[in-house]
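Data first, discussion second: the structure below is written as structure tokens.
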Amino acid sequence: MTTTKIRGMAGVALLLLCMAQFLDSIDVSTIAVALPAIQAELGIPATTLQWAVSAYVLGYGGFLLLGGRFADIFGHRRTFLAGLLVFAVASIAGGFVDSGPTLIAARLAKGVSAAFTAPAALALLLSVFGEGPSRGRALGIFSSTAAAGYTLGMVFGGVATIFTWRATLVMGAPFAIITLLLAPFILPADKPRKGPRQSFDWGGAITITPALLLLVFGVTNAADEGWDAITTWGSLLASAALLVLFLVIEARHPVPMVPLEIFKRTKLTHANIVAGLFHGVYVGFQFVATLYFQNVLGWSALATGMVFVFCGVAVMFLAPRFAVMAQTRSTGLMIVGTGLMALGYVVWLFGLGHMDTMLLIVLSQVPIGLGYAISYPSVQVAALDGIEADESGLASGLLFSAFQIFGGVILAFAASVFAAAPGFGWDTYVAGSAFITVLGIATLLIASAGPRSIRRAAASVRQPAE
């Protein structure tokens, strides 16, 4: 392919991959606005209710690296189909849950399945589209559907909840089944490997997966029980110990699950850091803004969700264009995107309570939406630049892990600032907004430093002390 037009079977393949990615992304937040209805019907206590959201993130973030490497070794299409099947079954089962534990189990299963389908889908896209403008356009469309899922989840959840909260769990099943039936005939078959199959790094898998699970659990639990709870700091300490053990295993294993040399690719490392930060800050902003609209202004869940429509629409229509541009200037676009988002947070912070609500929404959401539409495809293109086919699942897993884990960590800190503010005599919403704004500006500075800053930092660490 030499043109930016995507036609024929390649276009159908892209459609299927985008469908799966949209389902994975939208499920992160779709159920959030249905929580009051779920609590009313199932009688779930508030401390358990938040795990209806967190269980998905726990499974998604905890298993992503395993899912990405699993796909590289056992086949991208095979992994994609297996994950999609589990997603469809868990979605249908979600419509029949009758208690908190069964709801959480269904959500956890969907999150784990997404951890396998997401990196496999991105790796398949790289197989379908070779280097060149067509890949850039395909990555743009793919990233736009993923980002639109993140940003529009609450909107779709609000609409579905009008009928029944169970629709938020089941509505993805028909699309998953259609994709599952068509994918074997459209997506490229896994290439037979020459020579013996690579040995799987089970030591790495059984240390990094629980390490990430405990990390996501710890920071999520902090938002509910506080940072001083034993379940919070105990989980984080255990996670840190397992991460250290994982690094030791990977440094010595002949075929590591995550070759540590991959982090020497400064463009990939820089892109992952920026990706995690800008998305995590946006998740924190959604948290603060959602509570403000509902608790202070008394808006409904649907009205609150509609506030974020512009960001989703901007991503859907503009991200493909910026992805093509990012093929040659990804770092520059990261700076522009994170700069626009930081501007939106500054406007929100200083306009909160001092500006007409609708004007504040427009003046903050427009730069945030445009910034997200620029940043998301830019980090994705930068992270996958020059990645070989046998590492594409791993690189994809690292990128999606950055999104999920940073999102959980920053959300937990935002919730903590939000809860602690009154004790210091601060306005709750101003404190939360200030935290988000400072992180947004820090993200801009890190994006502006560029990949070379990673290289300089690594060189300074390797340099012996004088």
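When reading the values below, keep in mind they use all heavy atoms of this one structure, side chains included, and skip hydrogens, waters and symmetry mates.
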For atom [atom1] of [X], is the number of surrounding heavy atoms from other residues, nucleotides or ligands below 6.0 Å larger than 12?
X: Phe175; atom1: CZ; result: no
X: Met316; atom1: CE; result: no
X: Arg265; atom1: CZ; result: yes

Measuring only between side-chain heavy atoms, which start at C-beta, is [X] closer than 4.5 Å to [Y]?
X: Ile92; Y: Ile177; result: yes
X: Leu14; Y: Phe129; result: yes
X: Gln380; Y: Leu122; result: yes
X: Phe285; Y: Phe435; result: no
X: Leu260; Y: Leu247; result: yes
X: Pro367; Y: Met341; result: no
X: Leu81; Y: Leu85; result: no
X: Leu108; Y: Tyr56; result: no

Intermediate values then yes/no, side chain to side chain contact (heavy atoms under 4.5 Å, CB included), Met19 and Ile178: CA-CA 10 Å; Met19 177 65 70; Ile178 292 172; over 6 Å; no
Mind checking the [atom1]-[atom2] spacing from [X] to [Y]? Nearest 0.5 Å is all I need.
X: Phe116; Y: Phe74; atom1: CZ; atom2: CZ; result: 10.0 Å
X: Thr164; Y: Met171; atom1: OG1; atom2: CE; result: 12.0 Å
X: Leu124; Y: Arg77; atom1: CG; atom2: CZ; result: 8.5 Å
X: Gln286; Y: Ile368; atom1: CD; atom2: CD1; result: 10.0 Å
X: Leu297; Y: Leu291; atom1: CG; atom2: CG; result: 11.5 Å
X: Leu64; Y: Ile208; atom1: CG; atom2: CD1; result: 11.0 Å

Any side-chain donor near an acceptor of the partner, Asp24 and Thr117, under 3.5 Å: yes
Output field: ring centroids Tyr429/Phe418 closer than 6.0 Å: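 Ring-ring flag for Tyr429/Phe418: true, centres closer than 6.0 Å.
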is_close_aromatic(Phe278, Tyr372), centroid dist under 6.0 Å: yes
Closest approach of [X] to [Y] (non-hydrogen atoms, all atoms of both residues):
X: Ala121; Y: Phe80; result: CB-CE1, 3.8 Å
X: Thr338; Y: Ala447; result: OG1-CB, 3.6 Å
X: Ile410; Y: Val281; result: CD1-N, 3.8 Å
X: Gln365; Y: Phe310; result: O-CD2, 3.5 Å
X: Ser239; Y: Leu215; result: OG-CB, 3.4 Å
X: Leu360; Y: Val347; result: CD1-O, 3.6 Å

Tyr282 and Phe406: CA distance, side-chain angles, deciding distance, ring pair (Phe, Tyr, Trp, His ring centres under 6.0 Å) verdict: CA-CA 11 Å; Tyr282 181 74; Phe406 275 73; over 10 Å; no
Backbone of [Y] reached by a side-chain donor or acceptor of [X] within 3.5 Å:
X: Arg166; Y: Val97; value: yes
X: Thr79; Y: His76; value: no
X: Ser448; Y: Ile335; value: no
X: Lys110; Y: Leu169; value: yes
X: Ser364; Y: Gly344; value: no
X: Asn272; Y: Ala402; value: no
X: Glu250; Y: Val258; value: yes
X: Asp385; Y: Lys267; value: no
X: His270; Y: Ile446; value: yes

Derivation and outcome, side chain to side chain contact (heavy atoms under 4.5 Å, CB included), residues Asn295 and Thr290: CA-CA 8 Å; Asn295 295 345; Thr290 297; over 6 Å; no
Met325/Ile374 under side chain to side chain contact (heavy atoms under 4.5 Å, CB included): CA gap, chis, key distance, verdict: CA-CA 10 Å; Met325 297 172 60; Ile374 296 172; over 6 Å; no
Given Tyr292, Tyr345, Trp348, the one that forms side-chain hydrogen bond (donor to acceptor under 3.5 Å, both in side chains) with Ser433: Trp348
